[in-house]
Amino acid sequence: MQHRVRAVLLTPNDTMLLIKRIRPGIDPYWVIVGGKIEPTDAGSEDALLREVREEIAGEAEIVSLLHTIETDDERQDFYLATIEKWSFEDRTGPEFSQEGRGEYILEEIPLTADALDMVNLLPQDFAAVLRDAVERGELLAAR
């Protein structure tokens, strides 16, 4: 079973960081920063912090596990985390240099249901969970 970790990264500006993916032949979509747990990672949280460093050259502080989605072949753990500084230009993840992967654009999205409704956040199951958490004020309370 593939195990992935994702970070809903809350900024000091009351926004969250999402990566917009633009790929040939596919409508643009947004994803949460994160990726696969590697054998060299000490655990889920270690993998998450590594992914944040690779994808946005930032240092996150994990607040809590927000949600888990599990299928027959994959588990995704979505963590709530805060971040103060990042540099998308200094990212080092291997996916950024692979031919044919399309564009990756880091965006700050306001912590509002309306802002979330404006993006095609995948996976959709998690987008609904995140929207509910935003409407209940849980994300702003975590800042």
Side-chain angles (χ1 to χ4, degrees), residues 1-113 115-134 136 138-143:
M1 173 183 289
Q2 184 102 113
H3 192 175
R4 297 180 186 276
V5 288
R6 306 262 181 222
V8 176
L9 295 168
L10 306 179
T11 74
N13 304 325
D14 291 335
T15 61
M16 70 182 110
L17 298 176
L18 298 178
I19 297 177
K20 182 178 182 180
R21 293 294 316 275
I22 301 174
R23 299 169 69 185
I26 300 173
D27 287 339
Y29 62 95
W30 285 255
V31 294
I32 306 288
V33 171
K36 290 186 259 183
I37 296 177
E38 302 292 341
T40 54
D41 294 322
S44 298
E45 292 187 5
D46 184 55
L48 185 67
L49 297 175
R50 176 187 51 76
E51 287 288 344
V52 170
R53 283 190 300 273
E54 288 179 0
E55 292 189 9
I56 64 169
E59 294 296 327
E61 185 174 317
I62 297 171
V63 175
S64 64
L65 179 64
L66 184 62
H67 188 70
T68 297
I69 296 175
E70 196 163 339
T71 63
D72 290 340
D73 57 348
E74 183 177 66
R75 175 187 169 119
Q76 292 191 73
D77 292 327
F78 294 86
Y79 288 86
L80 190 57
T82 58
I83 192 163
E84 300 291 324
K85 294 185 284 185
W86 59 91
S87 175
F88 200 55
E89 295 78 31
D90 296 324
R91 64 190 185 260
T92 61
E95 63 271 25
F96 300 117
S97 60
Q98 292 174 351
E99 243 349 93
R101 298 277 304 192
E103 291 182 65
Y104 294 79
I105 301 166
L106 186 66
E107 294 188 346
E108 283 189 66
I109 306 295
L111 291 175
T112 66
L116 278 172
D117 289 344
M118 299 297 290
V119 300
N120 178 21
L121 180 62
L122 298 180
Q124 291 180 342
D125 291 356
F126 181 69
V129 169
L130 185 59
R131 188 183 193 287
D132 288 346
V134 165
R136 289 191 305 269
E138 292 174 12
L139 300 188
L140 285 174
R143 279 266 343 115

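FYI, side chains are in, hydrogens and waters are out, and symmetry mates aren't considered; it's all heavy atoms of this structure.
Residues passing the side chain to side chain donor-acceptor pair (under 3.5 Å) test with T112: none are found, sequence neighbours excluded. Scanning for side chain to side chain donor-acceptor pair (under 3.5 Å) contacts around S87 gives D90, with sequence neighbours left out. Scanning for side chain to side chain contact (heavy atoms under 4.5 Å, CB included) contacts around E108 gives T11, N13, T15, L17, W86, with sequence neighbours left out. R53 pairs by the side chain to side chain donor-acceptor pair (under 3.5 Å) definition with nothing, not counting sequence neighbours. D72 is linked by a side chain to side chain donor-acceptor pair (under 3.5 Å) to nothing, counting only residues two or more places apart in sequence or in another chain. Remark: E89 pairs with no residue by the salt bridge (Lys or Arg N to Asp or Glu O under 4.0 Å) rule, at least two apart or across chains. Residues meeting the salt bridge (Lys or Arg N to Asp or Glu O under 4.0 Å) test with E138, sequence neighbours left out: R136.
Sorted by first then second residue, the salt bridge (Lys or Arg N to Asp or Glu O under 4.0 Å) pairs that include residues 73-83, not counting sequence neighbours, are R4-E74, E70-R75, R75-D77. Screening residues 54-82 for ring pair (Phe, Tyr, Trp, His ring centres under 6.0 Å) gives F78-F126 as the qualifying pairs, with residues at least two apart or on separate chains. Sequence neighbours left out, the pairs with a member in residues 39-48 that pass side-chain hydrogen bond (donor to acceptor under 3.5 Å, both in side chains) are D41-R50. Contacts classified as salt bridge (Lys or Arg N to Asp or Glu O under 4.0 Å) and involving residues 116-125 (residues at least two apart or in different chains) are given here: D117-R131.
Using a 4.5 Å heavy-atom cutoff, the side chains of L49 and E51 are not in contact. Residues I109 and L121 form no side-chain contact, since every pair of their non-hydrogen atoms from C-beta on lies 4.5 Å or further apart.
In terms of heavy atoms, G34 sits closest to E55 at O-OE2, 2.6 Å. The two residues P110 and A115 have their closest heavy-atom pair at O-CB, 3.5 Å. Looking at every heavy atom in both residues, P12 comes nearest to E84 through CG-OE1, 3.3 Å.
With values rounded to the nearest 0.5 angstrom, L48 atom CG is found 4.5 Å from I62 atom CD1. Annotation: the span from K20 atom NZ to Y104 atom OH amounts to 15.0 Å, rounded to 0.5 Å. Interatomic distance, CD1 of I22 versus CD1 of I105, reported as 3.5 Å (0.5 Å rounding). Within the model, atoms CG of L116 and CG of L18 stand 7.0 Å from one another, a figure rounded to the nearest 0.5 Å. Atom CG of L130 is separated from atom CE of M16 by 4.5 Å, given to the nearest 0.5 angstrom.
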Task: Trace of the side chain to side chain contact (heavy atoms under 4.5 Å, CB included) decision for V63 with L10 - done: CA-CA 10 Å; V63 175; L10 306 179; 5.9 Å; no

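More than 12 heavy atoms of other residues, nucleotides or ligands shown are found within 6.0 angstrom of CD on Q2.
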For residues 25-33, tabulate all N or O donor-acceptor pairs below 3.5 Å that involve a side-chain atom, not counting sequence neighbours.
from, atom 1, to, atom 2, distance (Å)
Y29, OH, R23, NH1, 3.1
W30, NE1, E107, OE1, 2.7

